[in-house]
Amino acid sequence: MLVTSIGQGLLWAPLVIGVFLTFRILDIPDLTTEGSFPLGAAVTISAMLQGQSAVVASLWGCLAGCLAGWVTGVLDTKLKMPSLLAGILTMTGLYSVNMHIMGKANIPLLDQKVLTGYLPATWSAELQTIVVGGIVTAVVLVALVLLFRTRLGLSLMATGNNRAMSAANGIYTDRMVIIGYMVSNGCIALSGALIAQSNGYADIGMGIGTIVIGLASVLVGEIFLHGRRMWIRLAGMVLGAVIYRYLLTLAMGLGFPVDDLKILSAIILVIVICLPLLQNHYRTRQQLHQYLKQIGVDNHATTSSLDRQAPTEGLLSRNDK
C-alpha cells in the first residue's frame, strides 16, 4: 500500500506544485487546473497515438498546459477579469478543446510505449512508477528552485506578495502573473500526462475534483514540512502529494467504494484546514488561562468571551509566505 502510494503521489506531485505556485506564490485561486489537467492527458495520448514517443508527447502536453495558463493570465491581467472568473472561463472552454483533441470522451492507448516502458521489464510496475515519477518530479523541482533564484523568479514572488509595491519598483506585474499562470498549468498538464500514461487512457472527466486534490495536498504538505526556503516548500508539496494518496489508499483499504473518493478528498481538505485553526484556538486559551492563574484573576468570564472569537490565522492565510 505504501509503495503504491509513493508511486502515485510522485505522479500527482507536479499538479500539487502547480497549485502551490498560484495558490501560495501568486495568491490566486486558479480553477484552470480542472481544464489543464485533462488537456495534458488528451494532448499526450493523442500525440502518442499519432506515433510520437512518450517523452515528446509528454512535453507537448506540458506546453499545452502552458498555453492554457497564458489564456487565463491574459483574461486576468489584460482584460481585467477577476482571477476566479478567468479560471472558470478557461476551464469551461477547455472542455470543448479537449473533446476536439481526443475526438471522443475517452481514448485508450493501444500498444504504445509509455515512459515506464523505457525501464527494465524485470522491474515491478510499482518500482517503475516510482522511478518515472521521481525523475520527472526531480526535474520539475530543480528547474523551479533554479528559477526562483533568478531575477525573474524573485520578481514573481514579489508580485505575489505585494503587486502594487512590485509595480512601484519597476516590475512588470502583469507579465509576472501571466508567467506564473503558464508555469503552474504547465506542471499541472504534465501531471495529467503522467497519470494518463499510468492509467492507459485519457478521459474528458479526469480533471473533475483535481483542484480539491491539489489544495488538500498543498495543505497536508505544509503541515508536515514547512519552511522559508523555496526548496523546502516545494519538497513539502511532494511529501503532501504522497501522504494524501496514502490517505486515500488507506480509506479504500478500509472498504470505501471508489465512487466516494471525491467526498473523501473534500473531507480531508476540511480537516487539514480546520485542524490548525482549532489548535491555535486551544493554544491561545491555554496561554490565557496560565496568565490569569499567575495574576490570580478569575478566568470564567474571560473564557466565555474568548470562545466567541474565531481564529483568524491558519493554513489559508498568506502570512506563512
Side-chain angles (χ1 to χ4, degrees), residues 4-24 30-48 54-55 57-69 72 87 90-91 94 98 101 109 114-116 128-144 180-218 220-221 234-246 248 261 265:
T4 303
S5 302
I6 293 175
Q8 290 296 312
L10 291 174
L11 296 182
W12 284 92
L15 177 139
V16 180
I17 293 173
V19 173
F20 167 79
L21 292 177
T22 51
F23 183 62
R24 285 304 193 200
D30 182 23
L31 292 182
T32 315
T33 302
E34 300 203 359
S36 58
F37 184 82
L39 175 65
V43 171
T44 300
I45 300 301
S46 298
M48 292 177 65
V55 176
S58 299
L59 292 177
W60 277 113
C62 179
L63 292 176
C66 293
L67 181 60
T72 305
T90 306
M91 175 189 67
L94 285 176
N98 293 335
I101 292 174
L109 288 173
V114 297
L115 289 175
T116 55
Q128 291 178 342
T129 302
I130 291 176
V131 171
V132 170
I135 292 175
V136 175
T137 301
V139 171
V140 172
L141 288 178
V142 171
L144 290 178
Y181 273 116
M182 293 178 65
V183 175
S184 169
N185 286 278
C187 294
I188 293 169
L190 178 60
S191 180
L194 297 177
I195 295 298
Q197 294 181 57
S198 176
N199 294 339
Y201 64 89
D203 188 84
I204 192 65
M206 64 187 301
I208 299 175
T210 51
I211 185 64
V212 176
I213 295 174
L215 288 175
S217 301
V218 167
V220 170
L234 292 174
M237 300 305 101
V238 179
L239 180 62
V242 173
I243 295 176
Y244 176 80
R245 299 311 303 182
Y246 178 75
L248 290 184
L261 288 182
S265 301

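- Residue C187 comes nearest to V140 through the heavy atom pair SG-CG1, 4.0 Å, listed as atom of the first residue, atom of the second, then distance.
- Atoms OG1 and CD1, on T4 and I130 in that order, are 8.0 Å from each other to the nearest 0.5 Å.
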Practice task
Go through V16 and V238 one step at a time and tell me if the side chain to side chain contact (heavy atoms under 4.5 Å, CB included) criterion holds.
Solution key: CA-CA 7 Å; V16 180; V238 179; over 6 Å; no

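- The CE atom of M182 sits 8.5 Å away from atom CG of L63, with the distance rounded to the nearest 0.5 Å.
- To the nearest 0.5 Å, the span separating CD1 on I213 from OH on Y244 amounts to 4.5 Å.
- For the pair V114 and M48, the minimum side-chain heavy-atom distance is below 4.5 Å.
- A side-chain donor-acceptor contact under 3.5 Å links T44 to the backbone of G40.
- In this structure, the side chains of L10 and T129 stay at 4.5 Å or more apart for every pair of heavy atoms.
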Practice task
With side chain to side chain contact (heavy atoms under 4.5 Å, CB included) as the test, would you mind laying out the steps for T22 and T33 before giving the verdict?
Solution key: CA-CA 10 Å; T22 51; T33 302; 5.8 Å; no

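- Note that CG of L190 is 10.5 Å distant from CZ of F37, once rounded to the nearest 0.5 Å.
- Only one option out of I101, L59, L67 pairs with V43 in a side-chain contact (heavy atoms from CB on, under 4.5 Å); it is I101.
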Practice task
Check the pair L144, V183 against side chain to side chain contact (heavy atoms under 4.5 Å, CB included), reporting the backbone distance first and the verdict last.
Solution key: CA-CA 9 Å; L144 290 178; V183 175; 3.8 Å; yes

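- Across all non-hydrogen atoms, the minimal contact from G9 to A241 is O-CB, 3.5 Å.
- Smallest separation of non-hydrogen atoms from I45 and A202: CG1-CB, 3.7 Å.
- Considering all non-hydrogen atoms of both residues, M206 and A41 come closest at SD-CB, 3.5 Å.
- The stretch residues 204-218 participates, sequence neighbours left out, in no side-chain hydrogen bond (donor to acceptor under 3.5 Å, both in side chains) pair at all.
- Here I6 contributes atom CD1 and Y246 contributes atom OH; the two are 10.0 Å apart, rounded to the nearest 0.5 Å.
- The backbone N or O of T32 sits nowhere less than 3.5 Å from a side-chain atom of T90 that would complete a donor-acceptor pair.
- Contact annotation: the side chain of I195 approaches that of W12 to within less than 4.5 Å [non-hydrogen atoms, C-beta and beyond].
- Nearest heavy atoms, S198 versus Q8: OG-NE2, 3.6 Å.
- In this structure, S191 contributes its side chain and L11 its backbone to a donor-acceptor pair below 3.5 Å.
- N98 and A42 get closest at one heavy-atom pair: OD1-CB, 4.4 Å.
- Here the CG atom belonging to L15 is positioned 7.5 Å from the OG atom belonging to S36, to the nearest 0.5 angstrom.
- Residues P14 and T137 meet the side-chain proximity criterion, which asks for heavy atoms closer than 4.5 Å.
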